[in-house]
Structure formats: C-alpha cells, structure tokens
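Beneath this line is the structure, given in structure tokens, with notes to follow.
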Amino acid sequence: QRVLGCSLVLSVQSFYSASDDVVELTPSNFNREVIQSDSLWLIEFYAPWCGHCQNLTPDWKKAATALKGIVKIGAVDADQHKSLGGQYGVRGFPTIKVFGANKNKPEEYQGGRSSQAIVDGAMNALRALVKDRLSGKSGSSGYNKQSGGGSKKDVVELTDDNFDKMVLEGDDVWMVEFFAPWCGHCKNLEPEWAAAAAAVREQTKGKVRLGAVDATVHQAVSSRYGIRGFPTIKIFRKGEEPEDYQGGRSRGDIIERALDMFSENAPAPELLEILNEDILKKTCEDSQLCIIAVLPHILDTGAAGRNGYLEVMMKMSEKYKKKMWGWLWTEAGAQMELESSLGIGGFGYPAMAAINTRKMKFALLRGSFSETGIHEFLRELSVGRGSTATFGGGSMPKIYSVEAWDGKDGQLPVEEDYDLSDVHLDDDFDKDEL
C-alpha cells in the first residue's frame with residue numbers, strides 16, 4: 001500500500017541528481033551560486049507533479065552537459081521552495097529565467113524547449129552579455145552595488161510615532177527588524193531584508209509587510225519589546241502577542257516565512273460544483289491533487305443535509321489550504337461515468353475520492369464523511385500512505401454539462417393529468433385484455 005500511495009501524492013523527489021550537469025538550487029545556496037556569481041545562468045523552476053516539467057528534464061540535462069563551463073544551467077523545485085518561485089514571480093511550471101548581468105532582474109526565457117533551442121537561447125544571451133561588457137555596461141551581478149533586488153523604499157521605516165498606528169492597529173502581518181546603524185550583522189542583513197521586502201510586498205499584495213526600527217533613535221518602542229541585541233526580528237499579528245523570528249537571515253528564508261504566514265491568513269480554495277468538463281479540467285490540472293465528493297441526491301438530503309456536507313468540505317479545504325489542492329463536488333447520478341470510473345456508482349453516498357490527473361490514479365475515502373474521517377484520509381495521503389487505483393481506460397471519464405444546484409430543497413417531478421374522456425376503445429378490442 002505504501003508504494004501505491006506514494007504514486008498518488010508524489011514524494012518529494014528531484015528530477016536531477018549530483019551526477020547531472022544541472023545545478024540544484026535551494027534558498028540556502030541560491031544567493032551564493034547565482035546572485036553573487038558573474039556567470040550567466042538559465043534556471044528552470046519546476047514542480048515534481050508537473051507533466052511538462054517531466055518532459056523537459058532530458059532536454060534540460062542534455063543542454064546542461066553541452067553548455068558545461070560556458071553557461072550555468074540550474075533547477076529549482078519551486079513546489080518545495082515556494083519562496084524562491086515567489087521571489088521571481090513564478091506563476092506556472094515549468095518557468096525558465098535567464099539570470100544575466102543584473103541577477104536581481106532576470107529575464108523570461110521565451111525560446112523552445114528542445115535541447116538545441118535551449119543551447120541556442122543560452123548562447124544568444126551570452127553574446128548579449130559579452131557585448132554589454134565590451135561597451136562598458138555593468139559586467140557584474142550588481143549585488144554589492146544595489147540593495148539586492150529590493151530597495152529601502154520597500155522596507156517601511158517605523159518610528160516611535162507611527163509604530164502603533166501602522167503595526168498594531170492595522171490588519172496586515174508585520175515582520176519588524178530592530179537594528180542599530182553601527183551593527184555589522186545589521187549591515188549584512190540590510191540587502192536581504194530589502195530584497196525580501198520587495199518580493200513579499202508583491203507576492204502577498206501588501207498583506208505581509210517588512211519594517212525596520214532604528215532602536216538607537218526610537219527607544220520607546222524598542223524598550224517596550226525588550227530589545228537587547230541587534231538585529232532582532234519580531235513578528236506582529238493583529239490581536240496576538242509579538243513572536244520572535246528564529247529563522248534564517250537570507251532573503252529566501254525570510255520570504256518563505258512571510259509566504260507561510262500569508263497562506264495561513266489567505267482564503268481557502270473555492271469549493272466548486274462540477275457543472276462541465278472545463279471546471280474539472282482547470283481545477284484538477286492546476287493542482288497536484290483534486291478532492292472530489294459525490295453527495296447524495298437532493299431528494300435524499302434536502303438543502304440542509306447537503307449544506308452540512310459542503311460545510312465539512314469547506315472546513316477541510318481551509319485546513320489543507322497550504323497544499324493548494326482543488327476541491328469539487330457533484331450530485332449522485334449527475335456524473336455517472338465519473339462515478340463508475342472511481343468505483344463509486346450507485347451506492348454509498350456521500351463518497352469522496354482524491355485524484356491525481358497526471359498519473360491517472362485515485363484513492364477513495366474508506367472512513368466516515370466527517371471532519372475526522374476526511375482529515376485521516378487526507379493526512380494518510382499527505383505522507384504517502386493509503387491504497388490507490390488507476391482510472392479504467394487510462395483517461396479521464398466523460399463529464400456532462402449540468403445545471404448548477406439552486407440551493408433549494410429538491411422537488412419531485414410533477415405528473416401531468418391527461419383527459420381521456422374523448423378516447424374510445426376500438427369495438428374489436430377485447431376489454432378482458434386490459
């Protein structure tokens with residue numbers, strides 16, 4: 001069962017290994033390997049569950065070998081390291097970016113995905129980089145000349161006068177650095193803090209903010225929070241006691257924590273009724289897993305009963321929102337081919353299945369359709385346990401277009417009355433046959 005389960009929720013395994021010429025990049029080595037490097041880099045941001053990424057892998061390896069010693073080829077598992085993907089505005093997979101003269105502003109790679117096209121694109125970028133250097137334009141990453149991808153304007157300057165109004169009375173989550181101008185560690189943190197502030201502001205639409213307090217000037221607010229050493233970073237959430245930030249000091253670490261806090265406060269994914277093929281396709285193809293419930297017919301539960309089931313699902317989508325799974329439901333009998341392919345058809349409602357459309361595999365909820373039962377089911381899948389099966393025919397079943405539920409109790413179809421008074425039986429018809 002464990003082996004089967006792992007094939008539904010992919011265990012975190014990389015497409016690349018130490019024996020490849022592709023450099024695996026993470027938040028802990030990205031700054032050292034890429035940002036501070038004078039080399040040209042082509043970097044693929046991928047997710048292990050993405051089919052197009054898997055298709056790209058052999059060509060990416062081949063290109064890396066061909067370009068060895070000339071152009072660096074890297075890869076980031078952006079599903080595992082969301083902070084790096086977020087920092088560079090990665091929206092889909094695979095995304096390829098070219099890190100050239102200014103490492104803080106990579107360009108989107110627009111070329112083909114074959115190894116030849118990738119090599120051609122890399123050589124064109126290399127020629128442009130060398131031409132810029134010849135003409136006297138910046139030939140280094142600019143890391144030491146700039147504030148590392150962000151600017152001080154992205155970090156909110158907090159003072160004794162504005163701290164309470166901005167941080168304590170606002171609705172946003174804050175990460176606040178208390179610093180002293182003479183402190184060496186604070187100076188080292190400054191470019192990382194600025195770069196993180198820019199990325200976090202963009203990725204959270206300003207819902208998580210980074211601020212800084214000069215504790216040597218604004219002593220009232222600093223002494224209130226017992227600041228003794230520099231830099232000290234604290235996290236402020238509305239209505240909660242401030243919390244010490246204990247994470248790493250690189251921009252990747254800071255962004256990762258900020259995005260985690262944002263996702264904790266972000267709304268749960270939408271729970272959609274399967275009204276047509278497009279809804280199923282879009283929801284399931286954009287997610288690693290799709291959670292689908294088949295609820296009893298409205299005549300069996302009424303609106304109150306159905307809303308009870310939907311409420312349970314919404315609570316679970318909230319609980320598992322960081323997974324970014326898709327959540328769907330349909331009524332028993334509305335999508336018979338889907339039910340049949342999942343082995344649900346005809347009995348046992350409500351039912352639930354977790355589907356991996358890329359691998360054409362699914363797992364069925366065996367426990368109760370309750371918060372406890374569903375939580376146990378999804379927790380088992382999250383750690384790679386639970387038995388799975390393969391879709392019959394190896395493809396998604398036909399999905400029918402149906403009307404959306406109107407939110408009301410069901411009504412039995414009204415039988416029409418027929419007036420038979422003017423219908424005469426044929427005289428030759430033997431009435432005993434009726």
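The backbone N or O of Gly333 lies less than 3.5 Å from a partner atom in the side chain of Glu339, making a donor-acceptor pair. Put simply, the side chain of Asn124 never gets that close to the backbone of Gly121: no donor and acceptor are under 3.5 Å apart. The main-chain N or O of Pro269 is never found under 3.5 Å from a side-chain atom of Trp325 such that the two would form a donor-acceptor pair. Here the side chain of Thr232 pairs no donor or acceptor atom with the backbone of Arg228 at under 3.5 angstrom.
In this pair, Tyr88 and Phe99 present their aromatic rings perpendicular. The plane angle is above 60°, beyond the 30 to 60° band.
With sequence neighbours excluded, no residue satisfies side chain to side chain contact (heavy atoms under 4.5 Å, CB included) with Gln219.
Using a 4.5 Å heavy-atom cutoff, the side chains of Leu84 and Phe30 are in contact. Using a 4.5 Å cut-off on side-chain heavy atoms (C-beta onward), Ile96 and Trp60 make contact.
A distance below 6.0 Å separates the ring centres of Tyr225 and Phe236. Phe230 has its ring centre no less than 6.0 Å from the ring centre of Phe178.
When the shell of 6.0 Å around NZ of Lys72 is examined, it contains 12 or fewer heavy atoms from other residues, nucleotides or ligands. Counting heavy-atom neighbours within 6.0 Å of Lys321 NZ, excluding the residue itself, gives a total above 12. Residue Glu107 qualifies as open at atom CD: its count of foreign heavy atoms under 6.0 Å is 12 or below.
Taking 4.0 Å as the cut-off between side-chain N and carboxylate O, Arg379 and Glu376 count as a salt-bridged pair. Under the 4.0 Å criterion applied to side-chain N and carboxylate O atoms, Lys234 and Glu243 are not assigned as salt-bridge partners. The pair Glu177-Arg209 does not meet the salt-bridge criterion, since no charged nitrogen lies less than 4.0 angstrom from a carboxylate oxygen.
Between the side chains of Ser370 and Thr372, no donor N or O sits under 3.5 Å from an acceptor N or O. No donor-acceptor contact under 3.5 angstrom links the side chains of Tyr46 and His52, judged on distance only. For Thr216 and Asp214, the side-chain atoms include at least one donor-acceptor pair closer than 3.5 Å.
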Could you pull out all donor-acceptor pairs under 3.5 Å where a side-chain atom in residues 305-315 meets a protein atom, sequence neighbours excluded?
residue	atom	partner	partner atom	Å
Arg306	NH2	Pro296	O	3.3
Arg306	NH2	Glu331	OE2	2.5
Asn307	ND2	Ala303	O	3.2
Lys315	NZ	Glu371	OE2	3.3

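Applying the salt bridge (Lys or Arg N to Asp or Glu O under 4.0 Å) rule to pairs touching residues 40-62 yields Asp20-Lys61, sequence neighbours excluded.
Cation-pi geometry between Lys398 and Tyr400 is met: the NZ or CZ atom falls under 6.0 Å from the ring centre, inside 45° of the normal.
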